[in-house]
Structure formats: C-alpha cells, structure tokens
2 protein chains.
Amino acid sequence: MGVERMDPDERRGQIISRAQVLFRERPYSEVSNTEIAAAAGVSRGLLNHYFGTKRELYLAAVAEMLSVPPVPVPEYLPGASVRDRTCQSVEGWLELLERNRETWLAAIGMDGPADPELERLLDAARDRLVDHIAEVVGLGPYAREHPEVHALLRGFSGMAEATSREWLKRGRLTRRQVHVFLEETLLRILTGILPRVVEDDGSGHHCAHAGRTTTGTPSPDVR
Amino acid sequence: MGVERMDPDERRGQIISRAQVLFRERPYSEVSNTEIAAAAGVSRGLLNHYFGTKRELYLAAVAEMLSVPPVPVPEYLPGASVRDRTCQSVEGWLELLERNRETWLAAIGMDGPADPELERLLDAARDRLVDHIAEVVGLGPYAREHPEVHALLRGFSGMAEATSREWLKRGRLTRRQVHVFLEETLLRILTGILPRVVEDDGSGHHCAHAGRTTTGTPSPDVR
DNA sequence: AAAACTATTGGCGGTCCGTCAATAGCGTGC
DNA sequence: GCACGCTATTGACGGACCGCCAATAGTTTT
C-alpha cells in the first residue's frame, strides 16, 4: 500500500508529521500505531523499522513540536525601562500561547488528561488548596465575591508547584529559598497586585511598543 | 486464590489501596490490571466486576489520594499581621509537601510523564523559555551567574502556565487580567524579591508562630 | 543484465483488557 | 437440617495492540 519507495529522511519526516496531528488530538495511549501507519499510508511494521518503538516515535514527534516554537524575537530597546521590558515579555508569552495553544496543551498532557474525569479531580483538589490559602490569608469573603481572585490564586499555586519541583526534584533551590520567594511574592500579590487586577476597568495600559515585539516568522503553530 | 469471600466494601477498599501503591510507583500505562489483581490476591476479572474498567479503578484510586484533604489546619490568630499569615500559609504548604512528597509528586505527575526522556524534553523547552524571559528582561548575565535565578523564573513560568489555563481553558480570567497580573508580579519579582532571595544568607527569618501551625494529625502520607 | 542493497510488507507470538458463563461461599425459609 | 437463592469470585474466550523477523519488491551498482 505504501505507494512508492521513498527517501528515508522524507518518509521519516512524513510519518512524524502525521503522528503529530494525531498526538495533538488524543493522548499517547489512545492513538495506536496501526492508526498512525494508516494515516501515513504505510505498513505498521515500518514505524518500528524507523523508530524502533512506539514511545520513541512519540518522543521524536514531541521533540519536533517543542523545538519549533522558537521564541518570537524581541527587539532590543536601549531606552526601555524595566517595566516596558517586562510588559513586552509577558505580551510575548501570551501571544505565543494564543498562537500555538494546541501544541502546548498537547505537549504537556500525554497519559493523563483527555480524560475529563481525571482533570476534574485534579482541578477540584487544587481549588480546595486555593480555598484554603484564601482562608488563611484572610481573603475568604473577598474571594467568594470575586471569582477572579480565586483564579489568580490558582496562578500563585502554579508558582508554588513549580518552585517546589525545583526544590524537591531538581535541587536547584533550597527549602529556605522557596519559602522566602513564595512568601514575598504572595505578600505583594495580596497587598498590591490583586486589587489592581480586580478593579482594572480596561482603560489605558499597554506596552510602550517602540518597535514591533515581533514574530520574525509568523510561527503558524508548529508545522 | 482470592482467599475468602469478603465484604464488598472491604474488598473494594483493599483493591484501591493496593492499586494506589502501584500507581504511585509507576504511571498508569505501565501497571497492568493483572499486576494489581495479583498484589491484591484476587482474580483479574474481579477488578472489572468492581470498577468496570481499568481507568475507573485508576480514577477511584486517585480520587481517594486527593480526597485525604492535605490541608493541615492553621489556627486562627486574631492579632496576626498579613505578613504573618502569608508566612504561615507558605510554611504550611511546604510542610505538607515535605511530608507527603511521594503522594504529591504522584498526584501532580498524574498528567505528566514519568518517562525520564520525555521529562527531559519538556524541561529543556521550559528552560529555553525561561532563558528567553531572562534575556528580554535584562537579567541575562545575572541569571547565568546565579543558577537560583533561573530556577525562580521557572517558578514564575509555572504561574504563567496556571493563569493562562484559567484564561484559555476555563474562562475565569480575561486575557487582559492575565496580562496585568503577570506583568505586575514579574515586575515586583525583578525589582524587589529576586535579590532578596539570592542574597539571603540564612540568618533570622521565620514565621512569628504564636501558636502551632500545626498538624492536628501527623498526616503520615495518605493512608 | 545480474547482483547487492535496503525500504517495505505481512504474519507470528505475546501481553493486556473487557465480557460472560460457570463456580463456590453464605444466608434464608421451611 | 436441608434445599434454594443471592452474589462474590473465578477462568476462559475474543479482540486490540505492540515488537520482531523472515520474505518481498524497488533501486542502485558493477
């Protein structure tokens, strides 16, 4: 069926490409090699010939997905303030995210999500944690009134998870450092930032774009 | 083999318990029903009898892991300042984390890899992103000198991911809110918090514990 | 044109999961 | 005390999937 004989590199590329499409739609375990082979118009055995195992094929696919989204290059603005630069940085992140949202979401989840049930469980657990934080910190009523507060605290909880990973798993931070960092950050969020976000009416405020931020290549979600 | 007939609820509990042990060690796909059944001293068919499908068994196990409400109850301190409370909150989180580290890593990593290779890929991608942020923001040299800076920025990136999820997937935040929140937070981190963490020499600083924070029950990693 | 090379296929064996009829423990009514 | 019903529990069957390997069919070399 595999119509013709093909240049190995080309085949390889084509297979990976087809695999990426499927792996973006469904998680690892729910897409079969048979299916990938069919989508590529190729025998199943050929996948093993090129990649050895299904997992390796998956890794190759993901690796290429992640290697592509090269950060949109920001231009160096000599006169830019720290604030301008942070604003641009954030803007760049959001832009990138909005653009290849599929890719990122797919890359992060491999075995777990795609199962809405499991997702609900984890979400619920995290929400409980956030509720607890809100309570301890004295935001109880405020948080109940403004749902955004809750969502923002979820953001903080994400930071807590990430730094904790750096501490427990990679050892690049000490427990003390994690503590100080989280405490200081949470404090600023509570005292200064939170109200500002909630009461923001949408007027004014955007980056002082001297030049374009911008996208050397349009970066159309992977390729 | 299944030694005796047993009370259904008891059986159910026993199976879940055994399953949890295995699911903590290895990810979903790498632990077979056969194995779980063996560990529980029970026929494989019985798992399907009680839980229908493997996934449902998995969900039941995870649900119980997460339900054991990890929150250690903090005492209400009437005279405590906001700072004290945030400190306690953070301390509570870290304490909890250090204690049932296995459980959390398992629960958190539920939607993640467990494949070291894949983990490496994702880590590398995130590190690249963080490098980029550091560069844009003008921390390039500083970050290269102090690895902690890099790790802390990873923390911020965790926050970015979490808030973005709230925006893109759950719709509890607007893009604008995410932007303002991230920008403000990043700015404070850069100007005020980062140096403090890096130069912290380990002297002084801990919560003003009026009462104990503490652990009504020792909370010995799940149960 | 024959031979060496390799991309490509199809089938084999093994593992794993969901289903289902059959078995075996336990309580109940007479 | 015994037959009967209920259900926990098992063992086996069918289907899907994966990794391996010998056989096949293009392509290049001599």
Side-chain angles (χ1 to χ4, degrees), chain A residues 1-62 109-115 117-118, chain B residues 1-62 110 113-118:
Chain A
M1 278 278 178
V3 204
E4 296 289 295
R5 195 173 214 190
M6 210 174 192
D7 177 77
D9 287 347
E10 212 167 329
R11 247 297 120 81
R12 207 183 151 82
Q14 181 217 5
I15 293 180
I16 287 190
S17 159
R18 301 293 183 144
Q20 287 177 343
V21 176
L22 296 176
F23 280 134
R24 259 193 289 258
E25 295 172 352
R26 268 164 299 151
Y28 178 78
S29 28
E30 281 179 24
V31 40
S32 65
N33 263 352
T34 313
E35 195 177 359
I36 299 179
V42 153
S43 168
R44 202 176 58 83
L46 200 60
L47 304 191
N48 295 290
H49 173 64
Y50 275 106
F51 303 93
T53 171
K54 177 187 177 186
R55 189 143 213 121
E56 286 179 69
L57 166 56
Y58 176 72
L59 288 178
V62 173
M110 85 161 259
D111 238 5
D115 188 338
E117 197 68 30
L118 177 58
Chain B
M1 274 272 187
V3 204
E4 297 286 299
R5 196 174 210 181
M6 211 172 188
D7 176 78
D9 286 347
E10 212 167 329
R11 243 303 118 80
R12 207 182 153 84
Q14 181 217 5
I15 293 180
I16 288 190
S17 160
R18 302 291 183 147
Q20 287 177 343
V21 177
L22 296 176
F23 280 134
R24 259 193 290 257
E25 294 171 354
R26 268 165 297 150
Y28 177 78
S29 29
E30 281 178 26
V31 39
S32 65
N33 262 351
T34 314
E35 197 177 359
I36 300 179
V42 153
S43 168
R44 201 176 58 81
L46 199 61
L47 305 191
N48 295 288
H49 172 63
Y50 275 106
F51 302 94
T53 171
K54 179 187 176 187
R55 188 135 214 129
E56 287 180 69
L57 165 55
Y58 176 72
L59 288 179
V62 175
M110 282 309 171
D115 185 335
E117 197 68 29
L118 179 57

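Just so it is clear: chains get the letters A, B, ... in the order the sequence lines come, proteins before strands, and each one is counted from 1. What you see is a predicted model; the values in this text were computed from it and never measured.
B:E25 is linked by a salt bridge (charged side-chain N to carboxylate O under 4.0 Å, His left out) to nothing, counting only residues two or more places apart in sequence or in another chain.
Rounding to whole angstrom units, CG of residue B:L47 and P of C:dC16 are separated by 13 Å. In this structure, B:R11 atom CZ and C:dA24 atom C1' are separated by 14 Å, rounded to whole Å. Between the CD1 atom of A:I36 and the P atom of D:dC17 there is a distance of 11 Å, given to the nearest Å. One can place CG of B:D9 at 14 Å from P of D:dT7, the figure rounded to the nearest angstrom. Counting to the nearest Å, the P atom of D:dC17 and the OH atom of A:Y28 are 13 Å from each other. Going from atom CG of A:L46 over to atom C1' of D:dC18 covers 15 Å, rounded to whole Å. For the pair A:H49 NE2 and D:dC18 C1', the computed distance is 17 Å after rounding to whole Å. The interatomic distance linking B:K54 (NZ) with D:dA16 (C1') rounds to 14 Å, in whole Å.
Between A:S43 and C:dT8, a side-chain N or O to OP1/OP2 separation shorter than 4.0 Å is absent. Between A:Y50 and the phosphate of C:dT8, there is a side-chain N or O to OP1/OP2 separation shorter than 4.0 Å.
For B:R44, whose side chain is taken as the heavy atoms from C-beta onward, the closest listed nucleotide among D:dA12, C:dT8, D:dT10 is D:dA12. Comparing atom distances between the A:S32 side chain and each of C:dT9, D:dT9, D:dC17 picks out D:dC17 as nearest. Distances were taken from every side-chain heavy atom of B:T34 (C-beta onward) to each of C:dC16, C:dG18, D:dT10; the shortest belongs to C:dC16.
Across all strands, B:N48 comes closer than 4.0 Å to base atoms (heavy-atom distances). The residue B:F51 sits apart from the nucleic acid: no heavy atom pair falls under 4.0 Å.
Note: B:Y58 and B:Y28 have perpendicular aromatic rings, judged against thresholds of 30 and 60 degrees for the angle between ring planes.
If you take OG on A:S43 and NE2 on A:H49, they are separated by 11.0 Å, rounding to the nearest 0.5 Å. Residue B:L59 holds its CG atom at 11.0 Å from CZ of B:F51, rounded to the nearest 0.5 Å. Note: A:S17 OG to A:E10 CD = 12.0 Å, rounded to the nearest 0.5 Å.
Looking only at side-chain heavy atoms (C-beta outward), A:F23 and A:V62 stay at 4.5 Å or farther from each other.
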Please produce a list of atom pairs where a protein N or O lies less than 3.5 Å from an N or O of nucleotides 26-28 of chain D.
| residue | atom | partner | partner atom | Å |
| --- | --- | --- | --- | --- |
| D:dG26 | N2 | A:R5 | NH1 | 3.0 |
| D:dG26 | N3 | A:R5 | NH1 | 2.8 |
| D:dT27 | O4' | A:R5 | NH1 | 3.0 |

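When all heavy atoms of A:L47 and A:N33 are compared, the pair lying nearest together is CD1-O, 3.5 Å.
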